[in-house]
Amino acid sequence: MPHRCTPRILALSLGLALGAITGTASADDRSDIRSEVTRRHDEAVKRLQDWIALPSIAAENRNSQEGAEYMAKLARDAGFQKVEIVKTDGKPGVFATLDAGAKKTVGLYFMYDVKQFDPSEWSSPPLEARIVDKPDYGKAIVGRGAVNQKGPESAFLAALHAIRGANKTMPVNLVLVAEGEEEIGSPHIAQIVRRPDVAAAMKNTVGVFMPSAEQESDGTVTVTLGAKGVVELELVSSGEKWGRGPSKDVHSSLKAMVDSPSWHLIKALDTLVSADGNTITVEGYPKAPPISAEHRAMIAAAVKASPDGEAMSKKQLGVQHWIGDLPWQAAQERLVSQPTINIEGLVAGYTGPGGKTVLPHRAVAKIDMRLVPGMTKDAAVAALKSHLAKHGFGDIEVNVSGGYNPTSTDSKAPLIQAQVATLRSLGIEPLLWPRGAGSYPGFVFTDPPLSLASGHFGLGTGGGAHAPDEFYVIESSNPKVQGYDGAVMSFVDYLYQLAK
């Protein structure tokens, strides 16, 4: 979530009626499938627990081949007839197709990788996928990847198992692309999707969606029309590259006559943003277009529909003020429409307990840059390098580890309209949201040559993505929020709606 995780304004739930009929499924068909979902509940939860027990962590070069093989097995078991592991210059991907002889074909994007974790920070082992009682939520699986993204993805696969187990015909054909590098910025996703046979299969789809858990704790749901792009990189200042300062850590007393690579990096960072850190000042940086009237209206409607949204967000985030003390609607407009340059971490010299009087020879800033439509990864990186060189920091290494362009999908696209129709049939009146403030690599679908619609869909809820005690609700104690079986049925309903 990928990188897309972000607070957002959500629509007010009008109640959830799981007995609703959507798409072309008859009442009897839906009842049979729902019974099969219930019958297979334990099997599906165990499948999720087993998947969580195998963490694929690209940043640590951990279990990537094993993760791809397991993803391929999951696809085969769910009914995909053609499944192939795709080699890239990085971690392998998976390409799979399910031909149901249907008139329409739907694209799927999965990720099988997860973020790093420190077991000492968790209340239960992060790979055990223990089911715990979660206050205000019900019973939930706690584990790395539980909500980001294995829980929702496993729920989608459970929907395929249930349709087949109920002896029903799949309403649409499916084309699946899965990658194992989402959590490091998807540096090789294009090598998978743009392979000629994969691209040809994707070109025939009505669009591509990623299974997700879109309900908030109050049951609300939005339909998001895109995501910001992202660039992940390191800025490295070293005595060796600079030609000044030490080539190894030396005693701090020598600062009286020796330059500091750490200060050199800090001075470089200071040129990237305004004095308050909130406005990008990189010369030649791609400019964000002004927010459109349509998107401003979406935000206004969402703010009006959720009067407690600001207080809830501040509480969840632990913040007291927005940038510039902006009012809530203006802060949301800024969240949606503005690019960012963020310092994820700063590392130099000694960071252990107490002090250690050294002058470090090397300093590193871990940076992420978020991009909005109208901007591109390559242009942003080129401007950054040019700016540093112009300001006397050309020696600082710019090591890009991953990233991609932003995405945007028209609200009238059939993929999106099917989401709206499915939610309404379940008693939820969704609001549209211009784009998530986080990121996911949908650019390979929305950019030419495919130029497809792309989005996220799924009921259910969870939390803690990228953090300790990540969880995904299995049995909900809140009648407004679906548990695992309800999430599974939301995918069943969406597939039938897409078949219309």
Side-chain angles (χ1 to χ4, degrees), residues 21-26 29-30 32-33 36-37 44 71-86 93-112 149 152-179 189 192-212 409 413-422 425 442 444-446 449-458 487-500:
I21 303 170
T22 62
T24 57
S26 68
D29 282 352
R30 194 179 187 284
D32 291 346
I33 294 169
E36 192 70 7
V37 169
M71 180 72 251
K73 179 182 183 300
L74 289 172
R76 290 190 193 96
D77 291 348
F80 286 84
Q81 300 106 335
K82 177 185 175 182
V83 182
E84 178 186 354
I85 294 177
V86 180
V94 175
F95 168 50
T97 57
L98 190 160
D99 184 356
K103 293 182 179 180
K104 293 185 179 180
T105 301
V106 176
L108 296 165
Y109 167 79
F110 274 36
M111 53 182 281
Y112 66 81
Q149 205 70 30
E153 290 172 348
S154 74
F156 179 85
L157 295 174
L160 303 188
H161 281 278
I163 292 171
R164 186 173 58 173
N167 295 316
K168 308 302 177 184
T169 301
M170 271 288 298
V172 294
N173 311 310
L174 299 174
V175 178
L176 167 69
V177 166
E179 68 160 324
I189 183 67
I192 305 170
V193 176
R194 291 176 181 163
R195 201 178 78 172
D197 58 333
V198 180
M202 278 291 176
K203 188 68 175 176
N204 292 325
T205 67
V206 298
V208 184
F209 83 95
M210 182 183 195
S212 57
T409 291
L415 186 87
I416 300 300
Q417 287 301 304
Q419 293 185 15
V420 173
T422 301
S425 74
V444 288
F445 310 119
T446 60
L450 291 179
S451 302
L452 295 167
S454 184
H456 297 74
F457 182 82
V488 174
M489 284 306 301
S490 74
F491 293 121
V492 171
D493 291 333
Y494 186 39
L495 291 175
Y496 276 99
Q497 184 67 45
L498 284 164
K500 277 190 167 183

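All values below were derived from every heavy atom in this structure, side-chain atoms included, with hydrogens, water molecules and symmetry-related copies excluded.
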Residues Glu179 and Tyr109: side-chain donor-acceptor under 3.5 angstrom = yes
Residues 95-105 vs side-chain hydrogen bond (donor to acceptor under 3.5 Å, both in side chains), sequence neighbours excluded, gives Thr105-Asn173
Show your reasoning for whether ring pair (Phe, Tyr, Trp, His ring centres under 6.0 Å) applies to Phe209 and Phe156.
-> CA-CA 11 Å; Phe209 83 95; Phe156 179 85; 5.8 Å; yes
Would you mind reporting whether Phe491 and Pro211 have side-chain heavy atoms less than 4.5 Å apart?
-> yes
Could you tell me which non-hydrogen atom of Gly107 sits nearest to which non-hydrogen atom of Met202, and how far apart they are?
-> CA-SD, 4.2 Å
Run the numbers on Val106 and Leu174 for side-chain contact (heavy atoms from CB on, under 4.5 Å), then give the verdict.
-> CA-CA 5 Å; Val106 176; Leu174 299 174; 4.1 Å; yes
Reported CD1-to-CD1 distance for the pair Ile189 and Ile192, which is rounded to 0.5 angstrom | 4.5 Å
To the nearest 0.5 Å, what is the distance between CD1 (Ile163) and OG1 (Thr169)?
-> 10.0 Å
Closest contact, heavy atoms only, Ile416 versus Ser454 | CD1-O, 4.4 Å
Between Pro414 and Gln417, is any pair of side-chain heavy atoms under 4.5 Å apart?
-> no
For Val172 and Ala102, the nearest pair of non-hydrogen atoms, with its separation, is CA-CB, 3.6 Å
Going by heavy atoms in the side chains, are Tyr494 and Met489 under 4.5 Å from each other?
-> no
Rounded to the nearest 0.5 Å, what separation is found between the CD atom of Gln149 and the OG atom of Ser154?
-> 10.5 Å
Which pair of non-hydrogen atoms, one from Gln497 and one from Ala418, has the smallest distance, and what is that distance?
-> CG-O, 3.5 Å
Given side chains that start at C-beta, do those of Arg164 and Met170 come closer than 4.5 Å, heavy atoms only?
-> no
Specify the closest pair of heavy atoms between Ala166 and Glu36, including all atoms of both residues, with the distance to one decimal.
-> N-CG, 3.9 Å
Ignoring hydrogens and angles, tell me if any N or O in the side chain of Lys82 forms a donor-acceptor pair with the backbone of Ala96 under 3.5 Å.
-> no
How about Leu452 and Val206: do any of their side-chain heavy atoms sit closer than 4.5 Å?
-> no
Taking every heavy atom of Leu415 against every heavy atom of Val208, the minimum-distance pair comes out as CD2-O, 3.5 Å
Do the side chains of Arg30 and Asp493 get nearer than 4.5 Å, heavy atoms only?
-> yes
Got Tyr496 and Ile33 here, is their nearest side-chain heavy-atom distance under 4.5 Å?
-> yes
Passing option when Phe95 is tested against Ile85, Val83, Val175 for side-chain contact (heavy atoms from CB on, under 4.5 Å) = Val175
Is there side-chain contact between Leu176 and Leu98, with at least one heavy-atom pair below 4.5 Å?
-> no
Taken in chain and number order and not counting sequence neighbours, the residues that satisfy side-chain hydrogen bond (donor to acceptor under 3.5 Å, both in side chains) with Glu84 are Arg195
Leu495 vs Leu160, side-chain contact (heavy atoms from CB on, under 4.5 Å): CA-CA, chis, key distance, verdict = CA-CA 10 Å; Leu495 291 175; Leu160 303 188; 3.9 Å; yes
Could you give the distance from CG (Leu108) to CE (Met210), rounded to the nearest 0.5 Å?
-> 11.0 Å
